[in-house]
Amino acid sequence: MRTATLGPEQRVRALAQMSEHELDVLVVGGGIVGAGTALDAVTRGLSTGIVEASDWASGTSSRSSKLIHGGLRYLEMLDFALVREALKERGLLLQRIAPHLVKPVPFLYPLQHKAWERFYAGSGVAMYDIMSLTSGHGRGLPRHRHLSRRHALRVAPALRKDALVGALQYYDAQMDDARYVATVVRTAAAYGAHAANRAQVVGFLREGERVVGARVKDLELGGEYEVRARQVVNSTGVWTDDTQGLIAERGQFHVKASKGIHLVVPKDRINSTTGLILRTEKSVLFVIPWGRHWIVGTTDTSWDLDKRHPAASSADIDYLLDHVNAVLAVPLTRNDVEGVYAGLRPLLAGESEATSKLSREHTVAHPVPGMVVVAGGKYTTYRVMAKDAVDEAVHGLDRRVADCVTEEVPLVGAEGYHALWNGRAQLAARTGLHVARVEHLLNRYGTLTEELLELVAEDPKLGEPLPAADDYLKAEVVYACTHEGARHMADVLTRRTRISIETFDRGVRSAREVAELMATVLGWDADQIDREVEYYEKRVEAERESQLQPDDLTADAARLGAPDIAPV
C-alpha cells in the first residue's frame, strides 16, 4: 500500500528540499487542479513541488456541490464534448482512481407535464446513459428509469402530490471535495512530490523575460525561500489574475468569480430515499444526500468582494429555501438549517468572442516563458485539466517526457479497498468498533483506515467519538494533523471533517476538545489552544451574522469581522 504523510516535519522538509534543488515543475495553488497537476507531473518522472497559501482545498475546492457528474444540463446546451469527457472521468474515478471516495448517488427529476416533458427529459437522460457507456467507463451505475407519480411519491414521500405528474430517476456520483484534494496531494507526495501548505508565493523569480521560480513565504514558522523551477504552473482558481499580477503581465484571459451557496439540513427534515434535481428559472437546484444530512444548492451570482471568505446573505438563503419548498409537502424553515457554506466558481472571461465562451470549459496558456496558467473547468474533469497543464509545461523543458499516466494511477487508499470493504465485519470484530463506524472510516480513508486504527491501538481513547460531533472519532483529528497537513482548527472542523456544517452549533461545542487533540501533534501550549478556540468561535459568529444580512455588501462586511488566525 503506497502512502505518505503530510505532518509538520514533512512540511518543513518539503520547503527545504524545494529551495535546495531546482525543480522541473512548481505548482502554485492547492485546490483540486493544482493537486492534480502535481500528481500528473510527478508520475511522469518530473521533480515537482506544490505550495498553497492557505490550507489544501481551502477555496473553491472545499465548497462545491460535492458531485462528480457529467453535467446533464449541458446536454441541453448541446455541449456534447464536455459531457462525454466528464462522463469518462466520472467512470474512471468510480471504478479505478478513487472507489473509496467517489460513490453513486441517485437523483429524482419531477415531471410537471405529462407527455412532451417525459419524452424530452427522458431522451436527454437516455443519451446521458448511452454516452456514459460509450465512454468506455460507464459500467457500475444503474441506468435511468421512468416512474409514475405514485411510484415517485413512494421513493420521495417528501414531495407535494401536486408538484409532479411523474418522474425520472438517474444516477451520478459524489465525494467529499476537500478530503479528495487532500488525498490527491498525499498521492503526489507518495510518488515524490514536495508539498507545503501555508506557504505563500509573494513574488516570482525572473531571468529576463523568463520566470525561473518563486519566492515562497512560510506563513507558519516565518522565513522566505527561493524555489527555482524550470516551469511554474499557476493553478490558483479565482486568484489567477492576482497571481499573474505578481509578474506584471497581462493575461490572455481573465477569471471572474461566481458565488454559489449551499444549505445543510438534517436527514429527517426531507423524507426521501433519493436526491432531487429541480429546474429553476436560472439553472437547476440539487437536493443531495449527505450522510445523515441533505445538501441543498446552489446559487449562481456574480461576486467581486473578498475572495477568501465569500459570504452567504439572507437573500441567498431565502432563494434556496423558496425554491426547494415549492415542491416539499412540509416546508423547510431557517430553524432547519444546520450549516451554510459559500464558494466561488472560477469562470473564464476572455477579451474576445473566442475566449468569452469558455466559461464552462477550461483553458491553458503560456503567457511568458517559464509560466503556464490553467483556469476554468469543473471539478469532475480536474485530471484532464492537470494533463493539459503539464503537457503545456513539458514544451518548455526541452527534453522528452513521458505521457500522462494518471488514468492508471489509483489514489492512496484505493488499492485493496474493495477487499477491505468486503471484510468490514471482521475488521469491526478485530478492533471493537461498530461495523457502521468501520464503514464510515473506509469511505473516508479507504485502506489508509489501517493507519488510523494503529493510532487507536496505541491510545484506545482515540477510538472514542468526539463530543457533540459523534460521527467522527478523536483519532480522525490526530490523523488530520499527523498525516493530512492540518495546521489550524478550521482545517479540521471545516475540511478534514465537516463538523462546521453538520452540527447546529457549527462545531463550537467540539472546538476545545479538537484543539487539545491537535496540540498533542502540533506542540501548542495552553495559550495557543485558547487562541485557536477563540478565533474559531469568532469565525462562526461572523458567519452567522453575515447570513442575517440582506445583501452581498453587508454580508461581506459582517464576515470580515472575524480575522484569520494566519496572515491569509
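In plain terms, the two heavy atoms of I261 and I317 that are nearest each other are CD1-N, 3.9 Å. Residue I277 comes nearest to V284 through the heavy atom pair CG1-CB, 4.2 Å, listed as atom of the first residue, atom of the second, then distance. Pairing each heavy atom of V105 with each of P289, the nearest pair is CG2-CD, 3.6 Å. Nearest heavy-atom pair across T299 and D316 is CG2-O, 4.3 Å. Residues A475 and L455 come closest through the heavy atom pair O-CD1, 4.1 Å.
A salt bridge links K88 with E407; the closest basic N to acidic carboxylate O contact falls under 4.0 Å. R96 and E408 are joined by a salt bridge, as a carboxylate oxygen and a charged side-chain nitrogen come within less than 4.0 angstrom of each other. The pair D40-K387 does not count as a salt bridge, with every side-chain nitrogen at least 4.0 angstrom from each carboxylate oxygen. Under a 4.0 Å N-O distance rule, the pair K66/D176 does not qualify as a salt bridge. Of the charged side-chain nitrogens involved, at least one lies within less than 4.0 Å of a carboxylate oxygen, so that R198 and D491 count as a salt-bridged pair. Using a 4.0 Å cut-off between charged nitrogen and carboxylate oxygen, E450 and R430 count as a salt-bridge pair.
Ring-plane geometry between H483 and Y479 is classed as parallel, the angle between the planes falling under 30 degrees on a 0 to 90 degree scale with a further cut at 60. The aromatic rings of W524 and H488 sit parallel, their planes meeting at an angle under 30°, below the 60° perpendicular limit.
Residues T280 and Y319 are in side-chain contact: their nearest non-hydrogen atoms beyond the backbone lie under 4.5 Å apart. Side-chain contact check for D564 versus R539: every heavy-atom pair is 4.5 Å or farther apart.
In terms of the side-chain hydrogen bond (donor to acceptor under 3.5 Å, both in side chains) criterion, R13 has no residue partners (sequence neighbours excluded).
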Open item on the list: Please determine whether side-chain contact (heavy atoms from CB on, under 4.5 Å) holds for the pair I501 and V340, giving the CA-CA distance in whole Å, both sets of side-chain angles, and the decisive distance to 0.1 Å.
Closed with: CA-CA 6 Å; I501 59 172; V340 181; over 6 Å; no
- [ ] Would you please test L147 and L168 for side-chain contact (heavy atoms from CB on, under 4.5 Å) and show each step?
- [x] CA-CA 6 Å; L147 305 180; L168 295 169; over 6 Å; no
Open item on the list: Is there a side-chain contact (heavy atoms from CB on, under 4.5 Å) between T274 and Q169? Walk through the geometry before answering.
Closed with: CA-CA 9 Å; T274 178; Q169 189 174 48; 3.2 Å; yes
Open item on the list: The test is salt bridge (charged side-chain N to carboxylate O under 4.0 Å, His left out); show your working for R11 and E220 and say whether it passes.
Closed with: CA-CA 10 Å; R11 179 183 171 279; E220 291 292 302; 5.7 Å; no
TODO: Start with the C-alpha distance between E513 and K461, add both sets of side-chain angles, then the distance that settles salt bridge (charged side-chain N to carboxylate O under 4.0 Å, His left out), and finish with yes or no.
DONE: CA-CA 13 Å; E513 178 86 22; K461 289 184 179 179; over 6 Å; no
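The closest side-chain donor-acceptor pair between T497 and E476, if any, does not fall under 3.5 angstrom. Defined by atom type and a distance below 3.5 Å, a donor-acceptor pair is present between the side-chain atoms of Y472 and E502. Between the side chains of E415 and T447, no donor-acceptor pair of N or O atoms lies under 3.5 Å. In the model, R495 has no side-chain atom that pairs as donor or acceptor with a side-chain atom of S58 under 3.5 Å. Side chains of D177 and S62: no donor on one and acceptor on the other come within 3.5 Å.
Aromatic pair Y109/Y170: centroids not less than 6.0 angstrom apart.
Residue pairs that meet the salt bridge (Lys or Arg N to Asp or Glu O under 4.0 Å) test with at least one member in residues 288-300, sequence neighbours left out, are R292-D470, R292-D471, D300-R345.
With Y445 as the aromatic partner, R179 meets the cation-pi criteria of under 6.0 angstrom to the ring centre and within 45 degrees of the ring axis. Taking the centre and axis of the six-membered ring of Y417, the NZ or CZ atom of K103 falls outside the cone set by 45° and 6.0 Å.
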